[in-house]
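Okay, structure first, notes after.
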Amino acid sequence: MTILKSLLLAVYLTALVAVTGLIQFPFSALVIKLALALLGVHLLELIIMFKHVRRYSGGLPMSMLLTLLFGLLHWKPLMQSKQDQG
C-alpha cells in the first residue's frame, strides 16, 4: 500500500512541476491530465464514502485531504476497522 501511495504522490508532484513550468517533460500534458482525473475520482469517493472518511481519528479536514490524495487507500481501512469492531 505504501508503494501505491508513493506512486500517487509522484504523479501529483510531477504534475505540479509540469504546471509551474519549472521542468518540461515530454509527457507533461499526460501527467497533468492523469493527476486531474485521479483527483476527480477521489473527490467522488470522498462524497460517496463520507461516512467512512469521518471515522478518521486525525480530524475531518485531514481525512478529507488524505481521501483526495489517496482515495480508497485511505478510507478502505477505516471502513474495514468499523466492520471489525461490530
Side-chain angles (χ1 to χ4, degrees):
M1 193 160 357
T2 304
I3 293 171
L4 292 175
K5 287 182 178 181
S6 298
L7 288 172
L8 284 169
L9 289 176
V11 168
Y12 297 139
L13 182 60
T14 305
L16 185 61
V17 169
V19 166
T20 60
L22 296 174
I23 300 174
Q24 291 297 322
F25 301 105
F27 52 88
S28 292
L30 179 65
V31 173
I32 293 168
K33 289 178 185 176
L34 176 62
L36 289 173
L38 286 168
L39 289 172
V41 168
H42 293 167
L43 178 61
L44 289 174
E45 286 180 292
L46 174 62
I47 294 167
I48 294 168
M49 303 307 290
F50 190 73
K51 66 180 181 179
H52 301 294
V53 172
R54 291 178 47 201
R55 294 187 179 132
Y56 183 63
S57 63
L60 183 58
M62 181 57 74
S63 187
M64 292 172 70
L65 175 64
L66 291 171
T67 302
L68 286 175
L69 292 176
F70 303 120
L72 70 89
L73 297 175
H74 174 67
W75 61 258
K76 183 94 169 152
L78 298 173
M79 181 175 77
Q80 289 174 340
S81 68
K82 180 63 175 178
Q83 289 174 351
D84 293 341
Q85 292 174 0

Following the transitive rule for hydrophobic clusters with a side-chain heavy-atom cut-off under 4.5 Å over Ile, Leu, Val, Met, Phe, Trp and Tyr, establish whether V19 and L22 coincide in one cluster.
no
More than 12 non-hydrogen atoms from neighbouring residues, nucleotides or ligands closer than 6.0 Å to NZ on K51, yes or no?
no
For L44, enumerate each residue passing the side-chain contact (heavy atoms from CB on, under 4.5 Å) test, keeping only those at least two apart in sequence or located in another chain.
none
What about V11 and L16, same hydrophobic cluster or not, with Ile/Leu/Val/Met/Phe/Trp/Tyr joined at side-chain heavy-atom distances under 4.5 Å?
no
Look at the side-chain heavy atoms of Ile, Leu, Val, Met, Phe, Trp and Tyr, link any pair under 4.5 Å apart, and say whether L4 and L34 land in one connected group.
yes
Determine, stepwise, if the pair L36 / I32 fulfils side-chain contact (heavy atoms from CB on, under 4.5 Å).
CA-CA 6 Å; L36 289 173; I32 293 168; 4.1 Å; yes
Indicate if M62 and L46 have the same hydrophobic cluster label, given that clusters are the connected sets of ILVMFWY residues with side-chain heavy-atom separations under 4.5 angstrom.
yes
Going hydrophobic residue to hydrophobic residue with side-chain gaps under 4.5 angstrom, can you get from L43 over to L9?
yes
Would F25 and T14 count as a side-chain contact (heavy atoms from CB on, under 4.5 Å) if you check the C-alpha gap in whole Å, the side-chain angles of each, and the deciding distance to 0.1 Å?
CA-CA 9 Å; F25 301 105; T14 305; 3.9 Å; yes
Only counting residues at least two apart or in another chain, list the ones meeting side-chain contact (heavy atoms from CB on, under 4.5 Å) with I3.
L7
Pairs touching residues 32-43 that satisfy side-chain hydrogen bond (donor to acceptor under 3.5 Å, both in side chains), sequence neighbours left out:
Y12-H42
For F50, all residues meeting ring-ring contact (aromatic ring centres under 6.0 Å, His included), sequence neighbours excluded:
none
With a cut-off of 3.5 Å and sequence neighbours excluded, list every side-chain donor-acceptor pair involving residues 64-79.
from	atom 1	to	atom 2	distance (Å)
T67	OG1	S63	O	2.8
H74	NE2	S63	OG	2.9
W75	NE1	E45	OE2	3.2

Could you note down all residue pairs passing side-chain hydrogen bond (donor to acceptor under 3.5 Å, both in side chains) where residues 18-28 supplies at least one of them, sequence neighbours left out?
none
